[in-house]
Amino acid sequence: MSSEFISEYEVIHAKPKAFYETYARKDELQHQTHYCPGCGHGTIHKMLAQAMDEFGIKDRTILISPVGCSVFAYYYFDVGNVQAAHGRASAVATAVKRSRPESIVISYQGDGDLAAIGSAEILHAANRGEPIAVIFVNNAIYSMTGGQFAPTTLIGQKSTTTPGGRSAIHEGYPLHVSELLATLEAPMYIERVGLGDNRQIAQASRAIRRAVENQVRGLGFSFIEVLSPCPTIWRLSPVESQRWVREVMEKTYPLAVFRDRTKDAQPRPMPQEPPALDTIPQIIGVANGDVPEDSAIRHEPVTDVDLHVRVAGFGGQGVLLLGEVLAEAGLDAGLEVSWLPSYGPEMRSGTSNCHVRLSREPIDSPLVTAPNVLVAMNEPSLKKFDKSVQARGWVIYNGDAFPPECVREDVHVLALPFTQIADALGDARAANMVMLGALLEIADALPQTSVDAALRRLVKNPRFFELDERALARGRELYRESVREVCHAG
Amino acid sequence: MRKQLMKGNEAIVRSAILAGCRAFYGYPITPASEITEAAAEFLPRVGGVFLQAESEVAAINMLYGASSAGVRAMTASSGPGISLMQEGISYMAGAELPCVIADITRGGPGLGNIAAEQSDYHQVVKGGGNGSYHTLVLAPSSAQEMADLTALAFELADRYRNPVVVLADGFVGQMMEPVEFPQRATAPQTPAWAVTGTAESRGNLITSLHMGSDELEAHIQHLESKYRRAEREEARAEDWRTGDAEIVLVGYGIVGRILKAVTAEARAEGIPVGLLRPITLYPFPTRNFQRLVPRARVFLVVEMSNGQLVEDVRLALNGARPVEFFGRMGGNVPSHGEVLALVRRLARQYGVVMEREEERMAHV
């Protein structure tokens with residue numbers, strides 16, 4: 001190695017300040033790490049700690065440690081520490097950074113953690129361009145659990161779960177995570193480095209420093225893959241392990257910068273100041289001013305109100321809106337109300353129905369299984385619900401030919417071609433409001449002012465509002481006209 | 001002010017924001033998607049974070065991150081998604097991280113269907129993740145309770161440093177009822193244990209890892225002491241006409257509402273029925289059950305599942321009274337009629353003393 005190469009470096013016989021002086025979180029041997037002799041983690045930790053020192057970010061840094069040999073990274077780094085579930089460090093880091101945009105977030109992960117179980121989390125964190133630094137330590141094996149196969153294991157490499165060596169036919173090919181992430185648009189910086197010799201180590205140190213610097217500059221996602229020796233599991237000496245990194249691993253995993261968009265990159269905008277606390281009810285639409293007061297004109301219902309209404313029809317007939325206007329009007333009139341849409345298997349079948357309750361008393365059950373008013377906007381709906389109508393209840397049916405099999409002696413029926421009536425008013429889609437008008441006239445429980453207020457809230461388009469108002473009036477009128485013709489049984 | 005007509009799912013998000021929630025990480029699933037959609041609309045406008053995660057696994061781990069950073073955070077899902085979140089829920093309970101999870105239960109097992117069920121009781125109340133932990137579980141039965149219990153959930157999550165689940169069914173999530181909100185938004189203080197990227201919080205560590213056997217046992221005992229305190233202080237239930245009840249109906253969520261209607265109908269027939277509706281499913285309101293033992297002849301548990309809550313009722317009563325069960329599944333709802341018929345049969349079977357006419361008239 002040439003002397004000018006190492007002359008860039010100052011020899012310091014001290015630990016970086018970003019490390020604890022003694023490792024008090026360890027049970028024993030608090031002056032040394034838990035890593036094996038020759039393990040790459042110690043070297044990578046030191047590079048990271050030096051970078052933290054250099055940028056003076058110890059107080060701002062939050063380190064996410066993974067599951068794997070570096071699970072105990074928090075023993076050593078004197079920074080904010082969060083230890084994540086296996087493979088989830090990138091997801092955890094995502095939220096830590098978004099919660100604390102001023103902080104420097106480093107996700108430190110091994111190859112089992114990141115490339116296997118956490119492959120989805122790293123892919124999406126990278127794809128979103130999360131402005132974090134990810135240090136990916138690739139030693140081609142699961143070390144913590146004793147040497148099992150990893151997605152990064154080389155072809156032919158033996159592990160406890162590929163005792164005959166990795167075969168491409170059986171386990172597929174080694175996963176090139178850096179190259180994979182470099183296919184994405186969002187990442188700012190991606191580099192693979194190694195710890196195979198001093199030259200590689202020097203480059204690794206520069207790369208890690210670069211990743212930290214990118215975040216300090218407010219740039220996006222940085223990813224440093226480090227080919228790292230594991231003498232214990234590889235069953236090689238530390239020196240042989242370094243050679244293996246250099247001469248074997250590197251053939252599968254070439255060292256390179258795969259992405260560098262830092263030159264022209266601008267810092268990401270920081271989030272804006274949150275709005276003042278007292279404006280929040282207004283922002284989310286629950287401030288007093290957002291909710292109109294009850295209609296000034298109070299209407300005393302003719303009878304005690306206890307409406308159990310079921311509205312049913314085809315999707316698109318305005319079934320849910322009919323129910324909603326009724327519920328809103330009831331609320332406006334100071335009644336207790338509930339509205340429950342058809343829900344579950346039936347909602348995808350092209351039919352639609354809803355349950356509406358209006359009462360002077362608190363509503364016990366919002367489910368209307370025995371309606372006292374059924375609004376059936378088509379024949380299938382009538383046939384589905386007609387038997388459930390309470391005795392002396394009402395059926396309002398959209399059709400002039402009431403099916404003979406649905407005739408009951410003990411219910412009132414108002415059957416009219418509401419769709420044609422609405423069409424004559426200018427739009428067949430207003431049939432729901434004509435039927436609601438009839439219902440309102442029958443129930444005689446709500447003042448028109450409340451109905452108007454509800455309609456205004458729910459129908460913003462002035463043309464439809466005007467049409468719906470006429471439709472409601474027509475419905476009321478139709479009931480009054482037909483009242484003598486309707487058979488009142490029971 | 002006037003109440004607003006609002007879906008339970010929409011009420012949850014507004015209430016969460018008023019309670020100081022500033023992070024929502026979610027993944028869409030019917031019938032909980034309205035919660036995620038409302039969060040997407042409102043959280044960025046109040047200076048919060050909304051992110052649709054790549055999976056429920058990622059979403060719950062993002063909650064782990066947000067909560068570690070000291071931000072009030074929530075997510076919403078339904079059965080299959082909650083199953084995927086169990087890993088993160090266990091980690092959060094272990095690491096003592098508060099968060100709120102809304103489970104708008106649908107049909108299962110597996111893909112089941114999208115209709116309302118109450119079959120997540122076991123996985124939520126008993127904890128589907130690994131290890132000795134509990135989530136606190138609140139069970140709203142109205143849109144107003146969706147709002148109120150969500151606010152309570154954030155308080156409890158912080159007080160106990162533990163995940164809290166708002167367990168509702170598709171009906172409570174989808175139905176619109178009048179809802180009233182507090183007119184003040186709260187700004188919770190950043191907890192002292194959080195890791196916030198500051199000099200003061202630099203020494204903090206969030207982890208669920210405790211390598212020594214004694215160390216882990218002590219940690220679990222510490223968690224247990226929190227759960228015992230919650231059992232003493234947080235158990236809640238609604239007692240409705242239970243004072244003289246000989247048949248006690250038991251159900252939570254939407255079933256509690258149906259049983260209220262059944263209670264009224266049975267009372268009108270002279271059968272002395274009451275309703276006990278657990279509001280906290282963990283801690284379970286055991287004492288509310290025991291208080292009714294002297295008068296009650298039988299407890300009837302009604303669920304939209306194969307019988308999960310019923311096991312806790314049996315434990316609470318510990319054999320003191322018979323416990324009968326009626327369940328509907330697949331999106332079917334126990335109807336007033338079928339429950340009332342069962343109540344009549346139980347009244348005969350257990351020799352329930354019918355109310356005299358004048359007592360009955362007093363109820364009408």
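Excluded from the calculations below are hydrogen atoms, water molecules and symmetry mates; all remaining heavy atoms, backbone and side chain alike, are included. By convention in this document, chain letters (A, B, ...) are assigned in the order of the sequence lines, proteins followed by strands, and residues within each chain are numbered from 1. This is a predicted model, so every value here is computed, not measured.
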Next on the checklist: With chain B as the partner, which of A:Pro274, A:Ala370, A:Ala125, A:Gly80 has the greatest number of non-hydrogen pairs under 4.5 Å?
Outcome noted: A:Gly80

Checklist entry - What is the minimum heavy-atom distance between A:Pro275 and B:Arg45, and which atoms define it? => result CG-O, 3.5 Å

Checklist entry - Of the backbone (N, CA, C, O) and the side chain (C-beta and beyond), which part of A:Glu102 lies under 4.5 Å from a heavy atom of chain B, both, or neither? => result neither

Next on the checklist: Any carboxylate oxygen within less than 4.0 angstrom of a Lys/Arg side-chain nitrogen, looking at B:Glu54 and A:Arg128?
Outcome noted: yes

Checklist entry - Yes or no on side chain to side chain contact (heavy atoms under 4.5 Å, CB included) for B:Glu87 and A:Arg88, after CA distance, side-chain angles and deciding distance? => result CA-CA 10 Å; B:Glu87 170 197 86; A:Arg88 317 301 176 212; 3.0 Å; yes

Checklist entry - Looking at B:Gly203, B:Ala38, B:Ala199, B:Ala53, which has the largest count of heavy-atom pairs under 4.5 Å with chain A? => result B:Ala199

Item to check | Closest contact, heavy atoms only, B:Ala66 versus A:Ala95 | outcome: N-CB, 3.5 Å

Checklist entry - What distance do A:Arg98 atom CZ and B:Tyr25 atom OH have between them, rounded to the nearest 0.5 Å? => result 6.5 Å

Next on the checklist: Heavy-atom pairs under 4.5 Å with chain B - which of A:Thr279, A:Val79, A:Thr369 has more of them than the others?
Outcome noted: A:Val79

Checklist outcome for this item: Greatest number of non-hydrogen atom pairs under 4.5 angstrom with chain A, of B:Val49, B:Thr186, B:Val46, falls to B:Val46

Next on the checklist: With a 3.5 Å distance limit and no angle check, can you tell me whether B:Arg257 reaches the backbone of A:Ile363 through a side-chain donor-acceptor pair?
Outcome noted: yes

Checklist entry - In terms of heavy-atom pairs under 4.5 Å, which option from A:Leu123, A:Ile280, A:Val105 contacts chain B the most? => result A:Ile280

Checklist entry - What part of A:Gln272 is in contact with chain B, defined as an atom under 4.5 angstrom from a non-hydrogen atom: side chain, backbone, both or neither? => result neither

Next on the checklist: For A:Val286, is there any backbone N or O sitting under 3.5 Å from a side-chain donor or acceptor partner on B:Gln183?
Outcome noted: yes

Next on the checklist: Counting neighbours of CD on A:Glu361 that are heavy atoms of other residues, nucleotides or ligands and sit closer than 6.0 Å, is the number greater than 12?
Outcome noted: no

Item to check | Residue part contacting chain A, namely of B:Leu51, when any heavy atom lies under 4.5 Å | outcome: side chain

Item to check | Heavy-atom pair with the smallest gap, counting every atom of B:Gly197 and A:Ser103 | outcome: CA-CB, 4.1 Å

Next on the checklist: Quick check: do B:His336 and A:Ser365 have side-chain heavy atoms less than 4.5 Å from each other?
Outcome noted: yes

Item to check | A:Phe72 versus chain B, the contacting section by heavy-atom distance below 4.5 Å | outcome: side chain

Item to check | Side chain, backbone, both or neither of A:Lys58 within contact of chain B (heavy atoms, under 4.5 Å) | outcome: both

Item to check | Among B:Val262, B:Ile258, B:Val71, residue most engaged with chain A (heavy-atom pairs, under 4.5 Å) | outcome: B:Ile258

Checklist entry - Is there a donor-acceptor contact under 3.5 Å from the side chain of B:Arg14 to the main chain of A:Ile284? => result yes

Checklist entry - Would you say B:Met211 has more than 12 foreign heavy atoms packed within less than 6.0 Å of its CE? => result no

Next on the checklist: Rounded to the nearest 0.5 Å, what separates atom NE2 in A:His355 from atom CE in B:Met175?
Outcome noted: 11.0 Å

Next on the checklist: Just so I know, are the side chains of B:Val57 and A:Glu121 near enough to count as touching, which here means a heavy-atom distance under 4.5 Å?
Outcome noted: yes

Checklist entry - Any side-chain heavy atom of B:Leu205 sitting closer than 4.5 Å to one from A:Arg25? => result yes

Item to check | Test side chain to side chain contact (heavy atoms under 4.5 Å, CB included) applied to A:Asp78 and B:Arg202, step by step | outcome: CA-CA 7 Å; A:Asp78 184 6; B:Arg202 202 184 74 221; 3.0 Å; yes

Next on the checklist: Need one label for B:Ser68: side chain, backbone, both or neither, based on atoms under 4.5 Å from any heavy atom in chain A.
Outcome noted: side chain

Checklist entry - Among A:Ser90, A:Ala91, A:Pro271, A:Gly118, which residue forms the greatest number of heavy-atom pairs with chain B at distances under 4.5 Å? => result A:Ala91

Item to check | Closest non-hydrogen atom pair between B:Tyr64 and A:Gln83, with its separation | outcome: OH-O, 2.6 Å

Item to check | Rounded distance (nearest 0.5 Å) linking atom CZ of A:Arg100 with atom OG1 of B:Thr190 | outcome: 4.5 Å

Item to check | Trace of the side chain to side chain contact (heavy atoms under 4.5 Å, CB included) decision for A:Tyr74 with B:Leu209 | outcome: CA-CA 11 Å; A:Tyr74 59 78; B:Leu209 179 60; 3.4 Å; yes

Checklist entry - What distance separates B:Thr196 OG1 from A:Ile62 CD1, expressed to the nearest 0.5 Å? => result 6.5 Å

Item to check | Pair A:Leu367-B:Val333, side chain to side chain contact (heavy atoms under 4.5 Å, CB included): steps then yes or no | outcome: CA-CA 9 Å; A:Leu367 286 137; B:Val333 182; 3.9 Å; yes

Checklist entry - Taking A:Ser338, A:Pro366, A:Ala327 one by one, which has the highest count of heavy-atom pairs under 4.5 Å against chain B? => result A:Pro366

Checklist entry - Between A:Val337 and B:Leu5, which heavy-atom pair has the shortest distance, and what is it? => result CG2-CD1, 3.7 Å

Item to check | Region of B:Ile254 that comes under 4.5 Å of a non-hydrogen atom in chain A | outcome: side chain

Item to check | Sidechain-backbone polar pair: A:Glu273 side chain, B:Gly47 backbone, donor-acceptor under 3.5 Å | outcome: no

Item to check | Considering all heavy atoms, the nearest B:Gln174-A:Trp339 contact | outcome: O-CZ3, 3.9 Å

